[in-house]
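Report on the following structure.
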Amino acid sequence: MNAELFERYGLRMLDGLVVTVELVVISVTLGALLALPIALARTSPSRLLRGVSFAYVGFFRGTPMLAQLFLVYYGSGQFRGALESVGLWWLFRDAFFCCIFTFTLNTAAYQSEILRGAMASVPRGQSEAAWALGLRGAVVLFRVILPQALIVALRPLGNEVILMIKGSAVASIVTVYDIMGVADLAFARSFNLSVYLWAAVLYLVLVETLSRVWAVFERRLGAHLAVSAARS
Amino acid sequence: MGETLGLLGFGPDGWGDELAAGAWLTLRLALATLPFGLTIGFLAALGRNSGSRWLRVPGSIFTTLFRGLPELLTLLIVYYGGQMLLSRVFGLFGEGQVEVSAFVAGMVALGLVFAAYASEVFLGAFRAISRGQYEAARALGLGRFSTMRLVIFPQLIRLALPGLANLWLVLLKDTSLVSVIALNDLLRQTSVAVRGTKEPFLFYLVACLIYLFLSAVSSVGVEGIERWANRGMRRS
Amino acid sequence: MRIVKAMVGAALVLAASAGFAGAKDWTTVRIGIEAAYPPFNGYNANNELVGFDYDIGLALCAKMGVECSFVAQDWDGMIPALLAGKYDAIVSSMSITDERKEVVDFTDKYYTNALTFVAPKDTGITDVSPAGMAGKILGAQGSTVSAQYLEEQYGDADVKLYPTQDDAYLDLAAGRLDAVLADVGPSNLWLAGADGACCAFLGEAVVKDDLVGIAIRKEDGDLKAMFNKAITDIVADGTYKTINDKYFPFSIY
């Protein structure tokens with residue numbers, strides 16, 4: 001281990017870890033909020049809503065996130081005047097925000113597909129029974145369908161978070177100092193490959209921690225189901 | 001509008017030929033990665049499925065590692081690390097000059113990532129094949145290798161195909177990362193065009209649409225292959 | 001550090017043994033060049049290499065009596081590719097720094113560079129000292145002396161590093177950066193063009209004595225000596241001045 005290099009970049013690498021976590025937590029959360037309306041639009045009776053949401057999901061799932069990021073980051077630079085006139089330039093000026101913006105739109109597309117699949121897996125009888133009980137619209141969705149769908153969606157959602165942790169490394173290409181960004185910086189100064197190995201360890205710790213925590217989470221939720229299943 | 005189309009045209013004034021060359025390299029890289037990734041992935045799955053700990057543990061480590069690392073990081077480690085390692089190894093034999101081309105580095109890195117995910121798919125397929133199949137094959141007097149080739153493998157392919165098709169789409173998109181190691185793929189050629197024209201929005205949008213087109217064509221192809229693999233299966 | 005020294009040492013031993021086995025006689029030299037840094041290096045409209053570095057490289061090779069080939073390489077991977085043997089020398093406006101000297105060797109300088117800030121014409125910044133730049137967003141190309149200087153001296157500013165010089169200028173023009181620190185030559189060229197119309201030099205050069213040399217692998221002492229002699233020769237016989245005057249109205253030696 002190169003002590004001098006570690007002294008200079010070790011702490012910054014931990015700052016990078018914080019930035020990576022921020023990028024992932026913020027965009028996955030915002031993406032989850034967007035995912036529900038998109039998933040509903042995909043199954044909506046309106047042809048327009050179905051068409052628009054289909055195109056949205058297709059675009060973000062069918063193109064590389066790096067290309068999407070360049071489109072947002074360098075593209076917004078081109079529309080500075082227009083963005084300034086609507087008072088949004090200060091947001092797009094910031095590379096961190098451009099990353100959050102792109103990652104959110106990207107993960108929303110994937111999460112909406114997960115959600116749509118999970119909702120489809122809830123037996124029709126459930127909503128029919130809810131209707132028969134006189135429950136309506138939002139109540140059926142939030143009290144009957146979603147709770148059951150989310151348990152099915154839990155595992156693919158966990159995988160999506162892991163994919164976002166890894167995918168967020170592209171933020172380094174547009175000057176954000178996440179784990180990868182700090183590693184690039186340190187490598188550029190030292191030409192010492194070990195900085196990339198430190199970064200690798202941090203990412204692995206992050207991913208492994210998440211999948212362990214997620215597994216516990218899944219077991220807890222699954223446990224309650226198992227009990228209720230036994231009771232019935 | 002005419003001017004914009006001119007920028008996308010072919011010939012000396014347009015960037016169409018540059019983008020086409022980039023897209024062609026993207027496709028070539030993905031196609032070259034596929035056999036490499038499939039082979040390693042299959043071997044890793046065999047290892048993880050084997051009775052020997054000495055094969056299971058390395059298989060698991062391999063999968064955990066390359067599924068946990070960002071693709072971008074794997075790519076840089078292979079590109080820089082591979083170059084340093086090889087020039088040291090070849091230095092031993094008196095060959096001073098070794099070059100890891102960006103294409104090979106990209107192929108290896110993307111192939112390792114592909115393999116890690118593919119081994120999961122293969123493993124799932126292995127486990128979906130019932131023990132009875134092996135026992136029946138043995139009862140017919142087939143050896144281990146013949147069992148694998150004639151009985152297990154054909155079923156494995158059918159079971160694994162949807163998962164692998166999905167990985168191909170992921171691979172196609174991951175190739176965009178090689179633009180950071182100076183390989184003139186679609187995304188990098190687009191960046192070159194952006195520097196020349198100062199039209200980032202137009203060109204990155206066009207690049208996205210080309211990726212979308214490649215994905216869409218792949219999806220159609222995959223459906224065809226799936227139909228072929230499922231031929232003879234009873235429709236339920 | 002110790003491990004690195006041991007590794008470098010091991011690499012040197014290996015390389016030295018390779019040297020004995022292969023016994024280079026330098027009839028051909030491969031030169032690494034970024035080809036994205038006008039006016040020092042870049043491509044012309046016909047996709048041919050041009051620039052001050054390229055001309056100097058050609059002149060040095062002619063003087064040494066060796067055949068030269070040029071290899072284009074992204075800036076980030078410039079030194080790693082030299083160490084890996086992709087080429088034998090870097091003639092690509094690379095400043096001689098202590099950090100780089102830990103991994104590669106440099107010839108004598110072949111030009112002197114200055115680092116100057118560039119900022120939008122309507123900038124409010126008047127003081128380019130670290131204190132005056134505190135809290136500002138400053139950009140530079142990564143792995144350059146400018147990047148190193150910003151990182152070390154301008155710790156209170158928000159420093160952004162870009163893969164190419166062009167990307168930094170692009171973000172300066174887009175208004176994402178308050179100022180860019182860069183070599184004076186390329187900035188001069190950019191400011192003269194349409195894209196640089198937004199901006200101007202800001203204040204005096206912050207570094208005036210940045211020496212630019214040719215990077216060589218440490219084990220290739222013989223090649224370094226050949227380059228050094230050739231540099232002295234082209235300066236003495238006027239070849240250098242001819243190339244200099246083709247690009248700059250003043251001497252940059």
Side-chain angles (χ1 to χ4, degrees), chain A residues 20 55 58-79 82 102 106 110 159 162-173 178-181 183-184 187-188 191-211, chain B residues 26 64-85 113 117 120 166 169-180 185-188 190-191 194-195 197-219:
Chain A
T20 294
F59 180 83
F60 280 97
R61 297 199 338 147
T63 58
M65 195 156 78
L66 183 58
Q68 295 161 13
L69 183 60
F70 282 170
L71 184 66
V72 168
Y73 186 76
Y74 290 110
S76 66
Q78 198 181 346
F79 298 119
T102 313
N106 181 287
Y110 284 94
N159 285 336
I162 289 174
L163 289 178
M164 280 307 288
I165 293 175
K166 298 164 32 155
S168 70
V170 299
S172 63
I173 302 175
D178 64 341
I179 299 175
M180 192 72 210
D184 279 337
F187 183 73
F191 309 106
N192 189 326
L193 205 64
S194 60
V195 293
Y196 283 132
L197 301 181
W198 304 345
V201 169
L202 285 183
Y203 277 110
L204 285 177
V205 166
L206 216 50
V207 166
E208 280 301 299
T209 311
L210 185 90
S211 52
Chain B
T26 290
T64 310
L65 203 61
F66 289 105
R67 288 180 65 208
L69 289 180
E71 292 75 5
L72 185 59
L73 187 57
T74 305
L75 186 65
L76 290 179
I77 290 177
V78 168
Y79 183 55
Y80 290 126
Q83 209 154 54
M84 288 181 189
L85 194 74
V113 175
Y117 283 96
E120 290 282 286
N166 201 27
L169 294 176
V170 174
L171 171 66
L172 210 51
K173 289 182 282 171
D174 279 349
T175 55
S176 64
L177 297 171
V178 299
S179 56
V180 304
D185 76 321
L186 174 56
L187 192 58
R188 189 179 167 93
T190 308
S191 298
V194 165
R195 285 188 196 121
T197 59
K198 312 292 170 198
E199 288 281 349
F201 192 79
L202 171 72
F203 276 99
Y204 287 125
L205 190 62
V206 168
C208 281
L209 294 178
I210 297 175
Y211 279 112
L212 207 52
F213 174 74
L214 292 178
S215 298
V217 170
S218 301
S219 301

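What you are looking at is a predicted structure, and each value in this text was computed from that prediction instead of being measured.
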Chain A contact via [X] - which portion, at a heavy-atom distance below 4.5 Å:
X      : value
B:L65  : both
B:L187 : side chain
B:T175 : neither

Item to check | Part of A:S168 lying under 4.5 Å from any heavy atom of chain B | outcome: neither
Checklist entry - Tell me, side chain or backbone of A:I179 under 4.5 Å from chain B's heavy atoms, or both, or neither? => result neither
Item to check | Closest approach of B:K198 to B:R195 (non-hydrogen atoms, all atoms of both residues) | outcome: NZ-O, 3.2 Å
Checklist outcome for this item: Shortest non-hydrogen pair, A:G58 vs B:L212, comes out as O-CD1, 3.3 Å
Below 4.5 Å, heavy-atom pairs only: which of [options] has the largest tally toward chain A?
options                : result
B:A216, B:S215, B:C208 : B:C208
B:L209, B:V180, B:L205 : B:L205
B:S179, B:A207, B:G81  : B:G81

Checklist entry - Which value, rounded to the nearest 0.5 Å, describes the distance between A:Y203 atom OH and A:I165 atom CD1? => result 9.5 Å
Item to check | Contact winner vs chain B - A:A183, A:S172, A:G167, A:A169, heavy-atom pairs under 4.5 Å | outcome: A:A169
Item to check | Sequence neighbours excluded - side chain to side chain donor-acceptor pair (under 3.5 Å) pairs with any residue from residues 69-81 of chain B | outcome: A:K166-B:E71
Next on the checklist: Under a 3.5 Å distance rule, please check whether B:K173 uses its side chain to pair with a backbone N or O of B:Y211 as donor and acceptor.
Outcome noted: no
Checklist outcome for this item: Only residue of B:T26, B:L75, B:L186 satisfying side-chain contact (heavy atoms from CB on, under 4.5 Å) with B:V178 is B:L75
Considering only distance and modelled atom types, tabulate donor-acceptor pairs under 3.5 Å from the side chains of residues 68-76 of chain A, sequence neighbours left out.
residue : atom : partner : partner atom : Å
A:Q68   : OE1  : A:N106  : ND2          : 2.8
A:Q68   : NE2  : A:F60   : O            : 3.1
A:Q68   : NE2  : A:T63   : O            : 3.0
A:Q68   : NE2  : A:T63   : OG1          : 2.8
A:Y73   : OH   : C:D171  : OD2          : 2.3
A:S76   : OG   : A:V72   : O            : 2.8
A:S76   : OG   : A:Y73   : O            : 3.0
A:S76   : OG   : C:R176  : NH2          : 2.8

